[in-house]
> 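After the structure tokens below, expect a handful of questions from me.
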Amino acid sequence: MNSATFDALCVAPTTTLHAALARLDATAQGILLVTDSRGVLLRTVTDGDLRRATLAGVPGDAPLSALPAHAPHSVGLHASQRDVVALMDAQRIDHVPVVDAAGRAVDLVTRRELTQRVWLSSPHLGEDEVALVQEAFSSNWIAPLGPHVDAFEREVAALVGVPHAAATSSGTAALHLGLRLLGVGPGDVVLCSSLTFVASANPIKQLGATPVFVDSEPQGWNLSPQALERALRTLRGQGITPKAAVVVNLYGQSAEMDAILPLLDAYGVPMLEDAAESLGATYKGQPSGSFGRLAVFSFNGNKIITTSGGGMLVGRDRAMIEHARKLSTQAREPARHYEHVEDGYNYRLSNVLAGIGRGQLRVLQQRVQARREVFAHYREALAGVAGLRWMAEPAGHQCTRWLSAFVLEGDDAQQRRDALLDFLERHNVEARPVWKPMHLQPLYAGSRYFAHAPGQDVSAALFAGGVCLPSGSNLNAAQRQRVCELVARGLALPLRSAA
Ligand SMILES: *Cc1c(COP(=O)(O)O)cnc(C)c1O
């Protein structure tokens, strides 16, 4: 429902029954909101109310105020979707108006939309996955290790343009292995993008090392080269050489590798590229995930392609990737019995899931295209909405738009973001804040942090005002339009505190 439709639902108490019936017909929402001259909600009117009034002999030219009075069932701007559903069920109604602090009608939630959830990023299967899984069953290769795992590794490596890949049970497992292969251990310092999912940082801590977080740059939101430079210089001044740098490619877009790589090289710091969100993206024509000494992908359920759960560690160094395979299968030594020298893990991807992954890889380019179209639709449809800045796609980048994200700017950005997220949630649309930066997480309280510029904390501002919209490759045109109408209307809504 757009704002014109919502406005058309609001009628004065002087409206005749006849006119109300025509308006109900034209708006087709099954309800009208009777409001006074200040917009305060007086009551609702449904088809049933008009039918009962007619049967009771109220003439068609009588005003709505002639109907027997009843107080409207409504909720405030604080209400959650759960509150709305509870009210619908308790009162046996299918529409719940939302009123502001002054009692003015500002929104309407319908039961129909509550049965049609729009997800942030849901799995999207192609046509081959079931057959490939079937193949795993019929060839009895259910255990980890098997032809699908080998083929999936080869196919991902070929796609990314690196020679070697090791499939893992998750992206997090691949990050853990990657850091260990780079020699990270107790007492080490590891640089890490602050604006990311917690899994980028946790393996650093779990290996006994200390993460030092680095801010984002304002355009593409990825690691700020100028903050990185300051971090490297400052740490060197203190006699610290970071053991590695976890550089994250956010929301389907590569970090600024041409600025980042020479810096890391100059200081002798290897890059572990966290490409969990950027499979299918390119930077200056080169695939995301091919820049780091090692790089990590994720095939978790919400990622651009999925194996339900899974990951991949890729790189140019054959010995490292072979070592990763050994560590991921309990680090068994080549002996007839079970011989162990190294500390290993159970991190290997199963053959069944690799079969799903192979099917998904075949549709990756379509998935990238579909997500980019979702983003393009949003940007065009919301072009007239002021104060909303999309994550940029700087020159040289081909972003997958894994998630379509924008940031609201200004002093009240966080309040407006929260109001919008509440509004979308009431309308059964799953949207999320941008990642909460690691340096603001209680888990990493007290960690060192290098801001984009002294006094300019970019990732904190992106978190405060940032919103990720539903971005799945399986969103249809009606869902995209619904999201756009809701975002436009949600941003126009008064804030909770406004009376
Ligand atoms: C999803 C994600 C991970 C973790 O991948 P899993 O497969 O869920 O373990 C790591 N880093 C980033 C940036 C991610 O988005």
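Heavy atoms only: backbone and side chains are in, while hydrogens, waters and symmetry mates are out. Indexing begins at 1, ligand by ligand and atom by atom, following the structure's order. Treat the numbers as computed from the prediction; the structure is a model and nothing was measured.
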> Please report which non-hydrogen protein atom sits nearest to atom 9 (O) of ligand 1, along with the residue it belongs to and the distance in Å to one decimal place.
T172 OG1, 2.4 Å
> Keeping R325 on the side-chain end and A165 on the backbone end, is there a donor-acceptor pair under 3.5 Å?
yes
> Ignoring hydrogens and angles, tell me if any N or O in the side chain of Y444 forms a donor-acceptor pair with the backbone of N202 under 3.5 Å.
yes
> Closer than 4.0 angstrom, basic N to acidic O: yes or no for E322 and R318?
yes
> Please could you name the atoms of ligand 1 that S200 approaches to less than 4.0 Å, counting only its heavy atoms?
11 (N), 13 (C)
> From the options G310, G309, S298, select the one whose nearest heavy atom is closest to atom 5 (O) of ligand 1.
S298
> If you measure every N or O of W402 against every N or O of ligand 1, does any of those distances drop under 3.5 Å?
no
> State if G311 counts as touching ligand 1 under the rule of any non-hydrogen atom under 4.0 Å.
no
> Going by the rule salt bridge (Lys or Arg N to Asp or Glu O under 4.0 Å), which residues pair with R448 if we only count those two or more places apart in sequence or in a different chain?
none
> Looking only at heavy atoms, which two atoms of L182 and A244 are closest? And how far apart?
CD1-CB, 4.0 Å
> Among all protein non-hydrogen atoms, which one is nearest to atom 8 (O) of ligand 1, and what is the separation to 0.1 Å?
N300 ND2, 3.5 Å
> Taking only heavy atoms of S170, which atoms of ligand 1 are found under 4.0 Å from at least one of them?
7 (O), 9 (O)
> Can you label the angle between the F423 ring and the H427 ring as parallel, tilted or perpendicular, going by 30° and 60°?
tilted
> Atoms of ligand 1 less than 4.0 Å from A199 heavy atoms?
3 (C), 4 (C), 10 (C)
> Check ligand 1 against A276 and write out every atom of the ligand that is under 4.0 Å from a heavy-atom position of the residue.
2 (C), 3 (C), 10 (C), 11 (N), 12 (C), 14 (C)
> So that I can tick it off, tell me whether E373 and R401 are bridged by a salt bridge, with the cut-off set at under 4.0 angstrom between side-chain N and carboxylate O.
no
> Given the ring of F406, does R389 sit roughly above its face, with NZ or CZ under 6.0 Å from the centre of the six-membered ring and within 45° of the axis?
no
> Just need the protein heavy atom nearest to atom 15 (O) of ligand 1, so name the residue and atom and give the distance.
E277 OE2, 2.6 Å
> Are the charged groups of R362 and E155 less than 4.0 angstrom apart, N to O?
no
> Does the ring centre of H439 sit less than 6.0 Å away from the ring centre of Y449?
yes
> List the closest protein heavy-atom neighbour of atom 1 (C) of ligand 1: residue, atom name, distance to the nearest 0.1 Å.
K303 NZ, 1.5 Å
> Would you check the N or O atoms of F299, main chain and side chain alike, for any that come under 3.5 Å of an N or O of ligand 1?
no
> Identify the protein heavy atom lying closest to atom 11 (N) of ligand 1, giving its residue, its atom name and the separation to 0.1 Å.
D274 OD2, 2.8 Å
> Looking at T196, which atoms of ligand 1 are within less than 4.0 Å of one of its heavy atoms?
13 (C)
> When you measure from the heavy atoms of A174 to every atom of ligand 1, does any distance fall below 4.0 Å?
no
